[in-house]
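In what follows, a structure is listed as structure tokens, so that the remarks can point back to it.
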There are 2 protein chains.
Amino acid sequence: MPPTDHRPLTLRDVSEASGVSEMTVSRVLRNRGDVSQATREKVLEAAKTLGYVPNKIAGALASQRVNLVAVIIPSLRNMVFPEVMSGISQELEETELQPVVGVTDYLPEKEDKVLYEMLSWRPSGVIIAGLEHSDASRAMLKASGIPVVEIMDTDGHPVDCAVGISHRRAGREMARAIVKAGYTNIGFMGTKMPRDHRARKRFEGFTEQLAKSGIEIMDREFYSGGSALAKGREMTAAMLERTPELDFLYYSNDMIGAGGLLHLLDRGIAVPGQIGLAGFNGVELLDGLPRRLATMDACRTEIGRRAAQIIAARVADPAAPVAPVVELSPRIEYGDTLRRR
Amino acid sequence: MPPTDHRPLTLRDVSEASGVSEMTVSRVLRNRGDVSQATREKVLEAAKTLGYVPNKIAGALASQRVNLVAVIIPSLRNMVFPEVMSGISQELEETELQPVVGVTDYLPEKEDKVLYEMLSWRPSGVIIAGLEHSDASRAMLKASGIPVVEIMDTDGHPVDCAVGISHRRAGREMARAIVKAGYTNIGFMGTKMPRDHRARKRFEGFTEQLAKSGIEIMDREFYSGGSALAKGREMTAAMLERTPELDFLYYSNDMIGAGGLLHLLDRGIAVPGQIGLAGFNGVELLDGLPRRLATMDACRTEIGRRAAQIIAARVADPAAPVAPVVELSPRIEYGDTLRRR
DNA sequence: GTGAAAGCGCTAACAT
DNA sequence: ATGTTAGCGCTTTCAC
């Protein structure tokens, strides 16, 4: 076997193999312009037998167009983001655009880096989680001149436009429902992530609203690392030990809430009679637990869809009108752990 | 405000702003070659104040190098894959390489499309889930001339090389452990996914090994869609109704296994005394359930790491020696649902 | 319906 | 240490 030095095939190779000019080959491969049926077939045939794969790098440089949409999210391990991704993919499937994911691990420095990296590929648009970004990132986004949609959160000022829910409001509404249901001794558990602005805003909205009813959180605890389910169990056990008079536990996510629920059931504590529970996200994952945890849907797929729609519309027509902020309205799902009044 | 027509900045702009040749600007921005401290600072200053972001498309075309590694997986919604991704990211973090994800939804046609799409960006390597690909995909991978690592599975013949576990063996080993523990009336539950070759291979290995002990599966059921936990519950209930003499249930993944476990506990059935259970994957997610489900770790992070290492090594030195197949050895985790003999 | 020429924004290779 | 030249593989534009 000859030492096949792997020079990738070029348009020229297809051109020579088919006896058609590079230009016409290019037209056939992109379905652009009029090409006779005869030449079209010759070209396709040649391209296929050679195994030609077009070079998008050269194409993008020449055409100044890149069909990529940069999607920048904090993590893939929190089910929320894959679900947003699905919404985005579904919507972009109908277009020429393709999502490309970058992960920041909730680190602003990494966000800067990932964003810079992605922008250097000159994508057609950016979808980025959250409204809190470094000055450097905001500057890059503004200077990029491409459509930018900030997702998940609407409490703040987008660079370009935003699609999400108000986490502050979500926290307030949950507080209202809990107070209305007659609970007064309330504990909070969440993740120890100062960078998780959305969890923070929910917490703030929650405590503010409680304050309006003259209620203050009786106990709180934050965790990091490990299995959320197990942590929910442990934290709940510890908190009830410490503060036995609690009658409601609000969790910053459904997984730790589920852990808490399992602990209470193990202990034979009446839910929601003796102690009520609520989480956040509405993860389908948990359907199938002995009780359905009260929660609030974060509208993940819908957010992805809407964001993708905006990008697609702006790519199709840069002058397309865009609402600066699209705020979706999640509803409380009472499930079986928050009594209704 | 003048109608800022957004021509993105080029090297030339930085060159003019700093009074340094384009070539030297390029050198500074890439930390290549000797540049005096003075010019370096001038250039960095100019680039920063202008907000210049290099154009990787042009860079890649000129240098014929693209620091991207294509990672092609069936789904992001199955936690297995984000975990593999983490392993890959961790490992690539130390290099210049960057992972780019493509999702196939377990559809061969989509795999062809995604692969073609990614290869057209001329990545430095490909990491792709599974060993089963269309002829078209195998041909593309071979012709690409770049390192290709097929992951997750080692039962078959890789195009280039593979890192994973033998799912057939995993199925056999679980069968052996179950038989050894004295269970004989065995049921199986899994996903209705003819495309999930790894689940299929586990099932095949499982039944083959049982056959050697003269045991045949007594009942089986496959589901699709919906929450795995809930489905596990339902299927388990239905199966025990139908075939009450079952004393062991083997699930193709931990989520449905967990659903089954919750059902049995609700019903007050002794686990693993009356009925034993086992799943597959070793998802940390589930730590915190009332019992730890017997399972087998799929070595997800490790697989990602190893695959990334291979790509990185081959990019650094194309002649680097590579083992054609790296087979990791998952161990049975007995947990609390499979008695030990 | 098809082709030829110019150039997209960078970097390799070679000056100086 | 810095600059010059010639492309990378395509697409745009214009000519036929």
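The chains referred to below are lettered A, B, ... by the order of the sequence lines, with proteins before strands, and numbering in each begins at 1. None of these values were measured; they are calculated from a predicted model.
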note: A:E22, atom CD; C:dG3, atom P; distance rounded to Å ~ 11 Å

Are OP1 or OP2 of C:dT2 and a side-chain N or O of A:T24 less than 4.0 angstrom apart?
-> no

Output for pair (A:R198 CZ, A:T154 OG1), nearest 0.5 Å, gives 11.5 Å

Donor-acceptor contact present, side-chain A:S63 to main-chain A:G59, <3.5 Å | yes

With no hydrogens and no angle check, is any side-chain donor or acceptor of B:S18 less than 3.5 Å from a backbone partner on B:K42?
-> no

Sidechain N-carboxylate O distance under 4.0 Å for A:D135, A:K142 = no

Axis-to-axis angle between the two ends of the helix from C:dG1-D:dC16 to C:dT16-D:dA1 (five base pairs per end, rounded to 10 degrees) | 30°

What residues in residues 28-51 of chain B put a non-hydrogen atom under 4.0 Å from any atom of DNA chain C?
-> B:R30

Atom pairs, N/O to N/O, protein against nucleotides 14-16 of chain C, distance under 3.5 Å?
none

When rounded to the nearest 0.5 angstrom, what distance separates OG in A:S137 from CG in A:L119?
-> 8.5 Å

Taking heavy atoms of chain B and a 4.0 Å limit, find me the 5'-most and 3'-most nucleotide of DNA chain D within that range.
-> D:dA1 to D:dG9

Verdict with supporting geometry, A:V325 and A:C161, side-chain contact (heavy atoms from CB on, under 4.5 Å) = CA-CA 6 Å; A:V325 175; A:C161 65; over 6 Å; no

One should read off an interatomic distance between A:M193 CE and A:Y106 OH, to the nearest 0.5 angstrom, of 4.5 Å

Donor-acceptor contact present, side-chain B:D105 to main-chain B:L107, <3.5 Å | no

What protein N or O atoms touch nucleotides 5-9 of chain C N or O atoms at under 3.5 angstrom, if any, and at what distances?
from  : atom 1 : to    : atom 2 : distance (Å)
C:dC8 : O3'    : A:Q64 : NE2    : 3.0
C:dC8 : O2     : A:A62 : N      : 3.3
C:dG9 : OP1    : A:Q64 : NE2    : 3.3
C:dG9 : N2     : B:A58 : O      : 3.3

Main-chain N/O of B:M85 paired with B:S89 side-chain donor or acceptor, under 3.5 Å = yes

What side-chain donor-acceptor pairs closer than 3.5 Å can you find for residues 67-77 of chain A, not counting sequence neighbours?
from  : atom 1 : to    : atom 2 : distance (Å)
A:S75 : OG     : A:R77 : N      : 2.9
A:R77 : NH1    : B:S86 : OG     : 2.6

Would you mind checking if B:K113 and B:E109 are paired as a salt bridge, meaning a charged N to carboxylate O distance below 4.0 Å?
-> no

Distance (rounded to the nearest 0.5 Å) between A:I127 CD1 and A:I311 CD1 | 5.0 Å

Tell me yes or no: between the side chains of A:R40 and A:S36, is some donor less than 3.5 Å from an acceptor?
-> no

For A:E132 and A:R138, what are the C-alpha separation, side-chain angles and deciding distance, and is it a salt bridge (Lys or Arg N to Asp or Glu O under 4.0 Å)?
-> CA-CA 9 Å; A:E132 282 73 21; A:R138 295 181 66 91; over 6 Å; no

Is it true that a side-chain atom of A:S15 and a backbone atom of A:V20 form a donor plus acceptor pair closer than 3.5 Å?
-> yes

